[in-house]
Student: 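Quick one: this structure, given as structure tokens, is what I'll be asking you about.
A, B, ... follow the sequence lines: proteins, then strands. Residue 1 opens every chain.
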Amino acid sequence: MSETPAKDDAERPAALAAVQHAGGGEIDRLMSRVAANLRRRGYRVGGVVQSNVMQPGQCRCDMLLEELGTGEVHQISQQLGPGSRGCRLDASLFENVVARVEASLREPLDIFIVNKFGKQEAEGRGLRQAIAEALAAGIPVLVGLNHDYAAAWRDFCGGDGDILAPDEASIGSWLESSLAAAPSPVDA
Amino acid sequence: MKIVVLVKTVTVPVILPGAAPPVVGATAAGPTALINPLDELALEEALRIKDETPDSSVTALSVGGAEAEVGLRRGLALGADKAVHLVSGETAAWDSWATAMALAQALRRIAFDLVLCGGESLDRAAGLVGPYLATFLEIPHVPRIAAIEARDAAALVVRRRVERGDREIIDCPLPALLSVDKGINRPRLPTFQAIARARSQVIDTLPVASLIVPPAGVGALENQVEVVRLSGPKPRRGSASRADATRAAADRRSLMMKGGAPAASERSPLLEGVSDRVLADLGRMLREQGVELETGMNGAGDATAMAVGGRS
């Protein structure tokens with residue numbers, strides 16, 4: 001199993017890719033499958049993937065975040081009523097998850113996956129700092145990027161990183177090259 | 001221009017889910033620490049000066065324990081040239097007075113023309129460190145800065161917020177301390193490369209124990225404020241406006257669409273003219289409303305109609 005690089009390695013180029021998509025739930029399912037495959041192969045996967053689940057009797061779905069390191073699922077949305085049009089994200093619940101994800105970076109990881117670089121991240125909040133910390137630690141990072149926030153992503157990356165199509169072949173190819181640079185997992 | 005920005009690391013208060021009544025506390029993974037948002041605005045203002053005046057320097061200064069590094073590294077990632085950590089593990093118990101006293105002692109060792117800070121911190125919101133510090137350093141302090149409009153080597157022209165939405169333009173000699181208000185700017189966001197660089201940059205440390213401070217009395221690193229009690233805000237009474245229930249539904253809807261303002265034809269008449277004429281008109285209107293009147297004299301010797309009864 002690879003070791004998380006020390007702080008001294010912060011200057012080394014980190015593998016970074018964004019899977020650009022047009023929205024919808026398919027990216028959530030795709031990233032979940034990618035994360036599950038990596039875990040099956042023995043890689044230590046950190047980060048979160050989102051899934052939206054419709055509950056009986058509710059007019060809007062619940063937004064859930066699965067912590068990839070622990071498998072714990074956290075609700076981050078609130079029900080605002082049938083006529084509401086406002087953002088359903090519960091910032092307090094989301095901050096709880098962000099804190100847990102940032103704390104998980106203290107553990108050794110082989111890859112960090114965040115299926116969402118959205119409004120919060122574009123405005124400097126949310127998981128933006130966690131993504132930066134993972135990259136600074138030399139951990140390969142794979143991010144789901146809604147194309148509405150592509151400009152904010154470019155600003156964040158400063159021209160670095162790859163843009164991938166939302167399909168398993170593109171992601172698989174990138175993973176092979178990025179993870180090949182790190183030692184193979186002992187339990188693969 | 002040598003600029004020092006005071007940077008505080010604060011923790012985000014999180015309402016723990018499921019707690020009744022709601023409990024403010026840290027998350028299970030530990031509190032989320034971040035740079036105090038108003039300090040980040042102060043830093044942005046300093047960086048804008050540096051962008052326009054390349055020979056300027058920006059130093060981020062923080063006092064505290066290990067948590068202070070979060071704010072300082074954020075400052076470095078955003079573009080501060082240098083970070084100074086005034087190391088003390090006990091600042092959580094320090095009040096604004098002791099914090100300002102420690103910062104003043106540190107600033108006596110750092111050359112500066114301008115000190116910038118946020119008007120208050122997210123956690124304590126006392127807003128006292130800035131004014132105390134300026135007093136200890138014997139330099140001018142301008143609070144609630146909305147804009148830095150002009151500057152030269154010896155002075156700044158700043159705009160500050162005052163009551164009722166007014167603004168004050170102040171010509172402020174340097175050195176000085178400015179406390180910035182929200183809305184002064186939109187802070188830049190660091191790239192991940194800058195965040196990575198900031199992780200490995202050296203932060204200068206200055207132990208509080210190395211500062212020369214009097215052991216007791218004014219000037220000592222002692223708290224001057226005792227927090228007796230903290231309580232939550234009282235619930236506000238609802239203040240929804242209600243349309244007059246005696247009106248027709250269409251009229252009520254029309255009123256609500258206009259924000260409750262009556263139509264021009266429904267507004268109270270404005271009486272104009274010389275006082276005798278106004279009084280006569282007022283008397284007539286009141287009598288039409290059924291109010292009984294007596295006539296008397298006011299202090300100026302004018303005839304005054306006084307209402308003595310209600311509607312008949």
Student: Check whether any side-chain heavy atom of B:Leu189 sits under 4.5 Å from a side-chain heavy atom of A:Arg128, and report yes or no.
Tutor: yes
Student: What part of B:Pro190 is in contact with chain A, defined as an atom under 4.5 angstrom from a non-hydrogen atom: side chain, backbone, both or neither?
Tutor: backbone
Student: Heavy-atom pairs under 4.5 Å with chain B are the metric here; pick the option from A:Ala152, A:Cys157, A:Ala132 that has the most.
Tutor: A:Cys157
Student: What heavy-atom pair brings B:Arg199 and A:Ala136 nearest, and what distance separates the two atoms?
Tutor: CD-CB, 3.1 Å
Student: Under 4.5 Å from any heavy atom of chain B, what part of A:Glu133 do you find: side chain, backbone, both or neither?
Tutor: both
Student: Tell me if the NZ atom of A:Lys119 is crowded by more than 12 foreign heavy atoms within 6.0 Å.
Tutor: no
Student: Is B:Phe192 close to A:Val141 at the side-chain level, that is, under 4.5 Å between some pair of heavy atoms?
Tutor: no
Student: Could you report the tightest heavy-atom contact between A:Asp155 and B:Thr191, atom names first, then the distance?
Tutor: O-CG2, 3.2 Å
